[in-house]
Amino acid sequence: QLQASGGGSVQAGGSLRLSCAASRRALSGYNMGWFRQAPGKERESVAAINWDGGRTYYPESVKARFIVSRDNAKNTVYLQMNNLKPEDTAVYYCTADQSWAMVTYGGSPAYWGKGTLVTVSS
């Protein structure tokens with residue numbers, strides 16, 4: 001099971017760090033992705049990191065603002081979000097898949113955690 005935490009409300013320009021912890025399953029064998037879905041919009045991948053942390057993915061919309069990392073010893077993945085914008089407001093989900101393609105753009109990961117809400121006010 002995946003559990004995301006760290007969401008909340010912040011003003012534009014602020015920062016938040018999301019965490020994703022896993023129980024009953026080691027994350028070290030999985031590629032991890034962060035997806036988000038805003039009301040009335042399709043879900044989108046915002047960051048991904050491969051199983052050993054050596055490869056990352058970001059869409060242009062968040063590049064240079066979001067940073068994904070992982071600590072396999074702690075079985076946790078992080079998403080540092082800086083310079084947040086109102087359009088970043090969404091429910092953010094932690095996901096996992098053994099396929100890299102599934103956790104990046106257009107993918108459909110096998111495992112999803114419960115989301116955490118991020119609200120950015122202008």
Side-chain angles (χ1 to χ4, degrees):
Q1 289 182 332
L2 301 173
Q3 181 63 56
S5 61
S9 297
V10 64
Q11 289 191 327
S15 298
L16 284 174
R17 188 173 85 152
L18 306 184
S19 298
C20 173
S23 59
R24 296 186 291 176
R25 186 184 295 268
L27 294 181
S28 57
Y30 291 86
N31 302 296
M32 303 298 295
W34 288 95
F35 283 68
R36 69 184 180 189
Q37 187 161 25
K41 295 187 177 181
E42 293 187 357
R43 74 184 185 196
E44 60 173 336
S45 170
V46 295
I49 187 166
N50 78 328
W51 67 276
D52 68 355
R55 184 180 185 185
T56 57
Y57 161 82
Y58 305 96
E60 286 299 322
S61 58
V62 306
K63 198 171 287 185
R65 298 190 298 122
F66 288 13
I67 301 170
V68 62
S69 61
R70 67 190 299 160
D71 186 338
N72 286 339
K74 294 183 178 179
N75 219 32
T76 303
V77 179
Y78 305 96
L79 182 66
Q80 177 68 42
M81 305 186 294
N82 301 318
N83 190 21
L84 283 162
K85 303 176 180 181
E87 52 264 41
D88 295 318
T89 295
V91 177
Y92 284 71
Y93 299 90
C94 174
T95 71
D97 201 289
Q98 292 185 315
S99 167
W100 174 247
M102 289 294 105
V103 296
T104 57
Y105 175 78
S108 183
Y111 303 100
W112 291 73
K114 292 184 179 179
T116 185
L117 177 62
V118 172
T119 303
V120 185
S121 59
S122 58

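Quick caveat: nothing in here was measured; it's all calculated off a predicted structure. For this chain, numbers begin at 1 and follow the sequence in order.
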J.: Would you say Asp71's side chain and Thr76's backbone share a donor-acceptor pair under 3.5 angstrom?
T.: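 No; zero donor-acceptor contacts below 3.5 Å.
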J.: I need the minimum non-hydrogen distance between Ser122 and Ala12, along with the two atoms involved.
T.: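 The answer is CA-CB, 4.3 Å.
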J.: Examine Tyr57 together with Trp100 and report whether their ring centres are nearer than 6.0 Å.
T.: no
J.: Any heavy-atom pair between the side chains of Trp51 and Ser28 that's under 4.5 Å?
T.: no
J.: If the test is side-chain contact (heavy atoms from CB on, under 4.5 Å), which one of Val62, Thr89, Val91 qualifies with Arg36?
T.: Val62
J.: List the atom of Ala4, the atom of Thr116, and the distance in Å for their closest heavy-atom pair.
T.: CB-CG2, 4.1 Å
J.: Would a hydrophobic clustering, with Ile, Leu, Val, Met, Phe, Trp and Tyr connected at side-chain separations under 4.5 Å, put Val10 with Val46?
T.: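 Yes, because Val10 and Val46 connect within a single hydrophobic cluster, where side-chain heavy atoms sit under 4.5 Å apart.
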J.: Check whether any side-chain heavy atom of Pro109 sits under 4.5 Å from a side-chain heavy atom of Tyr93, and report yes or no.
T.: no
J.: Which atom pair, heavy atoms only, marks the closest approach of Ala47 to Leu79?
T.: CB-CD1, 3.7 Å
J.: Which residues satisfy the side chain to side chain contact (heavy atoms under 4.5 Å, CB included) test with Val118, sequence neighbours excluded?
T.: Leu16, Leu18, Met81, Tyr92, Val120
J.: Side chains of Val68 and Tyr58: closer than 4.5 Å at any heavy-atom pair?
T.: yes
J.: Donor-acceptor pair, Arg70 side chain versus Gly53 backbone, under 3.5 Å?
T.: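 No.
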J.: Taking C-beta and beyond as the side chain, do Leu84 and Phe66 meet within less than 4.5 Å on heavy atoms?
T.: yes
J.: Grab the two heavy atoms, one from Lys41 and one from Gln37, that are nearest each other, plus how far apart they are.
T.: O-NE2, 3.1 Å
J.: Given side chains that start at C-beta, do those of Glu87 and Ser61 come closer than 4.5 Å, heavy atoms only?
T.: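 The answer is no; the side chains never approach within 4.5 Å.
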J.: Above 12 or not: heavy atoms from other molecules or residues under 6.0 Å from NZ of Lys114?
T.: no
J.: Show your reasoning for whether side chain to side chain contact (heavy atoms under 4.5 Å, CB included) applies to Asn31 and Asn50.
T.: CA-CA 4 Å; Asn31 302 296; Asn50 78 328; 3.3 Å; yes
J.: Decide yes or no for Leu27 and Leu2: does some side-chain heavy atom of the first lie under 4.5 Å from some side-chain heavy atom of the second?
T.: yes
J.: Does a side-chain heavy-atom distance below 4.5 Å link Ser108 with Arg43?
T.: yes
J.: For the residue pair Tyr30 and Tyr111, categorise the inter-ring angle as parallel (less than 30°), tilted (30 to 60°) or perpendicular (more than 60°).
T.: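 Perpendicular: the ring planes of Tyr30 and Tyr111 meet at over 60°.
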J.: Should Ser45 and Trp34 be marked as a side chain to side chain contact (heavy atoms under 4.5 Å, CB included) after you check the CA-CA gap, both sets of side-chain angles, and the distance that decides it?
T.: CA-CA 6 Å; Ser45 170; Trp34 288 95; over 6 Å; no
